[in-house]
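Since the structure is predicted, the reported quantities are computational estimates derived from the model, not experimental observations. Per chain, numbering begins at 1; letters A, B, ... match sequence-line order.
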Number of protein chains: 2
Amino acid sequence: MTDMTIGKVADVVGVGVETIRFYERRKLIEQPSRPREGGYRIYSDATVKRLHFIRRAQELGFSLKEIAELLELRDADAPRADASNVQQRAMAKLRDVDQKIDQLRQIRQGLAALVDRCPGQGPLRCCSIFEALEQNAVPASRPTVSEEIGMQTIRLSIGGMHCHGCEEIVRHVLEQQTGVKGCSVSHESGEARVAVDESEISDEQLAEAVRGAGYSANIMNIPE
Amino acid sequence: MTDMTIGKVADVVGVGVETIRFYERRKLIEQPSRPREGGYRIYSDATVKRLHFIRRAQELGFSLKEIAELLELRDADAPRADASNVQQRAMAKLRDVDQKIDQLRQIRQGLAALVDRCPGQGPLRCCSIFEALEQNAVPASRPTVSEEIGMQTIRLSIGGMHCHGCEEIVRHVLEQQTGVKGCSVSHESGEARVAVDESEISDEQLAEAVRGAGYSANIMNIPE
DNA sequence: CTTGACCCCGTACCGTGGTACGGGCACTAA
DNA sequence: TTAGTGCCCGTACCACGGTACGGGGTCAAG
C-alpha cells in the first residue's frame, strides 16, 4: 500500500486529486517526496493517514482552519498538545453544532407554521404566508388547517429505515404510545401515518418516540 | 414613513446600505425613484415591504435565488402564481431543513462519542479520538479508557437486525442509556458488545432498552 | 453659504472549499 | 519506441452573501 501516486491516494481517501493538491497549498499536508525534480508525488503512509484524519474531522463538522490547528497539535510534541486540549475543541464544536441545530429547529418551526396556515390552493393573496413575510413577524395566531379539520392522522417523515425489519420496529414503537389507534409504516417512502387521538399525544411526542428508537423523524404538516 | 433614503430604509429593515444596493444589482428589488439624475434613492413603501419579505424569507432559510423566484411569483398575476405553488416551495424547504437537522444530529452523535471516549488529560496518544480519526472508521467501539478504569463489557445476543441500518439503531439506543461508554454491534453475528459502568446500569436494563426498540435481546453469559 | 453627514458609482475583495483548464512532462505496458 | 495514460504547474474560476474602498456629488441644518 505504500508508494502511491496522487491518483491512488485520492481514490483510497475518497477525495479528488485536485483536492489533495489544494490541501498541500493550504499546508494541511507536507510536500510529498518525489523520485526526482519534477517527478510524480509519492505519498507516505503517514500522509495518507493525515488525509484520512482530515476527511474524518471534516465529516465531524470541523473547518479546514480548525483541522489545521488540530494537526498542528498533533505534530507538536509541545506541552499544550495534550488530550484535554483536543477534548476542549471537540466540546466547543459540539456546542457549535447544538446551536446550529437549535437555529434550524427554529427555522423549521417558522416554516411549518407557514405551511400549516396556507390554504394550499387559490390565488396568492389567500396565502397568509406571503403577507406575513411582508410584515416583520410570523403570523401568530390564526386557525391552522389542522385545527379546522380536527386531524386524526399524523404523518411522519422518517429517515434511517433500510429494510422491512425497520418498519416493524417503528410500528412497534408507535403502537406502544398512548393515544395511537393504528399506524402504517413504509421504509420505501420513509413515511409513517399514525391514527391518533391528539388529545392524548402530540405529534412531537410521537416523533420523539421514533427518534428514541434511533431513527430520524419529523412531522409532515400537510396531509397528502 | 414614506420617502426614505437608503440609510433610513437600511435601519428600518435591519440590513446594511451596501446590502440594499447589492439586492438592487441582483434584481431582487427594482430601481427606486430619484428626484433627479444622480440624486438620492427614494424608497416606496412597496419596496420596503419587499425588503422585509426578503429578510424574513432569508431567516426561514431561503437562498437569494429562491427568494428571487418567490418574488417573481408574487409579482406575476400569472395563473401559476397560486398558493399551492408557494406552499410547495415552503414544504420543499422544510424537507431540506429536516435533512440538514438530521445530518447535524449525526455529526453531534459522532462528536459526542469522541468527547466521551477521551480521557480528558494526559498526552495526546492517550486520546483515542485522534487515532480513530486516522483510521477510516467512526470511533465506534474500541477498547477505551472506560475498560481500563474498570468498565465492564456486556455481550448481548440480539435478534431482528436485518441490515446495517438496524445496527445503527441498536447502537443508538444503547448509547443513549446512562452508563454506556461505547458499543459495537453486528447484525451478521446478531451480537452487541457494550462497554458500561455496571454501577449505573444493569445488563438486564440494557437488554430491555434494546427490546424497547423492537428487537429481541438476551444477555450472553459467557464472555467470548 | 458653509459644513458635515449622507449618498453616489464602479470595482475589488472577503471566506469557504474546492473545480477546471491547458500546455507540457513522466511513466508504463506493448 | 511509441502510444496512452497519469501527473506536472500556475492560474482562473465557481457559488454564496455580502463588505470595503475611494473619490466624488447631494442635501439639510445652522
Hey, is the side chain of A:T5 poking within less than 4.0 Å of OP1 or OP2 on D:dC7, counting only N and O atoms?
yes

Side-chain N or O of A:R41 less than 4.0 angstrom from OP1 or OP2 on D:dC7?
no

What nitrogen or oxygen pairs link the protein and nucleotides 28-30 of chain C at under 3.5 Å?
none

How long is the straight-line distance from CZ of A:R108 back to CG of B:D96, given to the nearest 0.5 Å?
12.0 Å

Considering residues at least two apart in sequence or located in another chain, which fulfil the salt bridge (charged side-chain N to carboxylate O under 4.0 Å, His left out) criterion with A:R41?
A:E24

Whole-Å distance separating the CD atom of A:E59 from the P atom of C:dG17
14 Å

Length of the line joining A:E24:CD and D:dC9:C1', which is rounded to integer Å:
11 Å

Under 4.5 Å between any side-chain heavy atoms of A:F22 and A:V17, yes or no?
no

From CZ of A:R34 across to P of C:dA26 the rounded distance in Å is 12 Å

Determine all donor-acceptor pairs shorter than 3.5 Å in which one atom belongs to a side chain in residues 27-40 of chain A; sequence neighbours excluded.
unit_1, atom_1, unit_2, atom_2, d
A:E30, OE2, A:T47, OG1, 2.9
A:R34, NH1, A:G39, O, 3.3

Going by side-chain hydrogen bond (donor to acceptor under 3.5 Å, both in side chains), name the pairs with one or both residues in residues 61-70 of chain A, residues two or more places apart or in two chains.
A:S63-A:E66, A:E66-A:K93, A:E69-A:R89

Quick one, give me the B/S/- string for nucleotides 17-30 of chain D, reading 5' to 3', where B means a protein heavy atom under 4.0 Å from the base and S means that only happens at the primed atoms, P, OP1 or OP2.
BBBBB---BBS---

Check: B:V13 and B:I20 side chains under 4.5 Å, non-hydrogen atoms:
no

Verify side chain to side chain contact (heavy atoms under 4.5 Å, CB included) between A:Y23 and A:R50, making sure each step is shown before the conclusion.
CA-CA 11 Å; A:Y23 290 161; A:R50 211 177 164 87; over 6 Å; no

Side chain to side chain contact (heavy atoms under 4.5 Å, CB included) involving B:R105 - partner list, sequence neighbours excluded
A:I101, A:R105, A:R211, A:N218, B:I101, B:D102

